[in-house]
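Basis for what follows: all heavy atoms, side chains included, without hydrogens, waters or symmetry-related copies. Lettering follows sequence order; numbering is per chain, from 1.
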There are 2 protein chains.
Amino acid sequence: MRIGEVAEKAGVGVETIRFYERKGLIEQPRKPADGGYRSYSSETVNRVRFVREAQCLGFSLNEIEELLTLRADPETDCADVRERAQAKLDEVKDKIARLAGIQSALENLIQECRGDGPASSCCPILDALDTDDKESMT
Amino acid sequence: MRIGEVAEKAGVGVETIRFYERKGLIEQPRKPADGGYRSYSSETVNRVRFVREAQCLGFSLNEIEELLTLRADPETDCADVRERAQAKLDEVKDKIARLAGIQSALENLIQECRGDGPASSCCPILDALDTDDKESMT
DNA sequence: CTAGTGTCCGTAGCTAGGTACGGAGTCAAG
DNA sequence: CTTGACTCCGTACCTAGCTACGGACACTAG
């Protein structure tokens, strides 16, 4: 599969694929036999999609690389992989918990803003989140 | 409260507060009476903390402003607020769902990497996430 | 053989989100 | 009334993550 096809299937530009390649986020597919064109496997499409996905969720490209290198590297000791995976898992759980806080703040807001009149002093998104601060300030 | 105190309590630099002020993310506290110094309420500290928090979770500053302006703007119609809050709520739920996908991929990975030997071909973080793609490709 | 499309590479430019600099003013303590 | 800590403002600079440019090469169809 050539670069244009990968880019299209992953929903990004060709330049982005080249950029990710330089960053080491996807395989380096030098194939001088094939006229000097890059040739990718379909796994690359999934990798690129995963990168975009993880970016939306607040991971940097470096963190995403860490996530991706958790997989099959035959040289790596399994205990090490497990340890890094656990660290990432903790991060992910923390993100979920904090998003859940925002979620319930928004739900409260929607509950409280039932009427059609002026919003006056209802709509306390920060107030809803302040409780966190108060807990951590005792 | 002056800018340095806000910055310290929120755990950011003074320049960052000024930057957020320029962006309209926090109140504009021009107080020429007080020697020309900015004077902030303690709410600003919470706002700044919320901004940093939300950034970690993948929201841009523009999106964060949208979240923050959901609160008490006496001119705003409550129905409009509710609508925007619902849209944000959908985004947040979606993020949580996608993080949950990564979470279970990591949990699988940790399960499968029980041994101490070489990692060989276990550790399928992408494989675990591929299932998503397959569902959306039917 | 030629035109068109896709790819190669390096380098330059762009947006978001800060971060640092430098010269001047404010204020409290000594 | 000077010293030191803090603040003012504007501008310049920086990193991350793309995105565009431009000239050369490959491959396909006509």
Side-chain angles (χ1 to χ4, degrees), chain A residues 1-42 44-45 47-69 91 95 98, chain B residues 1-42 44-45 47-69 91 95 98:
Chain A
M1 198 189 303
R2 294 204 308 199
I3 195 169
E5 193 181 347
V6 173
E8 195 194 352
K9 285 188 177 166
V12 303
V14 165
E15 307 291 336
T16 304
I17 305 289
R18 296 214 309 123
F19 176 74
Y20 287 169
E21 190 181 316
R22 261 176 276 152
K23 288 277 171 179
L25 286 166
I26 57 176
E27 45 182 336
Q28 255 85 1
R30 224 47 312 267
K31 292 273 174 80
D34 190 22
Y37 291 171
R38 292 168 177 81
S39 177
Y40 295 99
S41 71
S42 63
T44 306
V45 176
R47 265 180 104 93
V48 174
R49 283 189 189 146
F50 176 73
V51 171
R52 304 312 294 232
E53 185 98 347
Q55 277 189 301
C56 290
L57 300 173
F59 294 97
S60 70
L61 292 187
N62 284 341
E63 289 171 325
I64 292 166
E65 191 181 357
E66 284 170 28
L67 278 169
L68 285 170
T69 55
E91 278 178 43
K95 273 182 204 275
R98 293 193 287 163
Chain B
M1 198 186 310
R2 293 203 308 199
I3 195 170
E5 193 180 348
V6 173
E8 195 193 352
K9 284 189 176 164
V12 303
V14 167
E15 307 291 338
T16 304
I17 305 289
R18 296 216 305 123
F19 177 73
Y20 287 169
E21 191 181 316
R22 259 176 278 151
K23 287 278 170 178
L25 286 166
I26 56 178
E27 43 181 337
Q28 255 86 358
R30 223 49 308 269
K31 289 276 173 80
D34 190 23
Y37 291 171
R38 291 167 177 83
S39 177
Y40 294 100
S41 71
S42 62
T44 306
V45 176
R47 264 180 104 94
V48 174
R49 282 190 188 143
F50 176 73
V51 172
R52 304 312 295 230
E53 186 97 348
Q55 275 189 300
C56 291
L57 300 173
F59 294 98
S60 70
L61 292 188
N62 284 341
E63 290 172 324
I64 293 167
E65 192 182 355
E66 285 172 26
L67 278 169
L68 285 170
T69 55
E91 278 178 41
K95 274 183 204 274
R98 294 193 287 163

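- Whole-Å rounding puts the B:I17 CD1 to D:dC9 C1' distance at 17 Å.
- Across the protein-nucleic acid pair, B:K23 atom NZ and C:dT19 atom C1' stand 14 Å apart, rounded to whole Å.
- In terms of position on DNA chain C, the residue among A:I3 and B:S60 whose nearest nucleotide sits closer to the 5' end is A:I3.
- At distances below 3.5 Å, at least one donor-acceptor pair connects side-chain atoms of B:T69 with backbone N or O atoms of B:E65.
- Distance B:N62 CG to C:dG17 P: 6 Å, rounded to the nearest Å.
- Regarding A:E8, its CD atom lies at a distance of 14 Å from the C1' atom of C:dT5, rounded to whole Å.
- With rounding to whole Å, B:Y37 atom OH is found 6 Å from D:dC6 atom C1'.
- Nucleotide C:dT11 holds its P atom 16 Å from the CZ atom of A:F19, rounded to whole Å.
- If you measure from atom CZ of A:R38 to atom C1' of D:dC27, you get 17 Å, rounded to the nearest angstrom.
- Contacts of B:R18 with the nucleic acid, taken as non-hydrogen atoms under 4.0 Å apart, include base atoms.
- Contact annotation: A:Q55 side-chain N/O to D:dC18 OP1/OP2 distance is under 4.0 Å.
- Side-chain N/O atoms of B:R22 include none lying less than 4.0 angstrom from OP1 or OP2 on C:dA16.
- Checking B:E27 against B:Y20 by side-chain atom types alone, no donor-acceptor pair falls below 3.5 Å.
- Every residue two or more places apart in sequence or in another chain was checked for a salt bridge (Lys or Arg N to Asp or Glu O under 4.0 Å) with B:K95, and none qualifies.
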Report all side-chain donor-acceptor pairs from residues 4-14 of chain B shorter than 3.5 Å, counting only partners two or more places apart or in another chain.
| unit_1 | atom_1 | unit_2 | atom_2 | d |
| --- | --- | --- | --- | --- |
| B:E5 | OE2 | B:K9 | NZ | 3.1 |

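- Put simply, A:T16 has no side-chain N or O that comes within less than 4.0 Å of OP1 or OP2 on D:dG17.
- At least one side-chain heavy atom of B:E53 sits under 4.5 Å from a side-chain heavy atom of A:R98.
- Between B:E15 atom CD and D:dC6 atom P the separation is 14 Å, expressed in whole Å.
- No engagement by A:G13 is indicated, since no non-hydrogen atom pair under 4.0 Å with the nucleic acid exists.
- For C:dG6, the OP1/OP2 oxygens have no side-chain nitrogen or oxygen of A:R2 closer than 4.0 Å.
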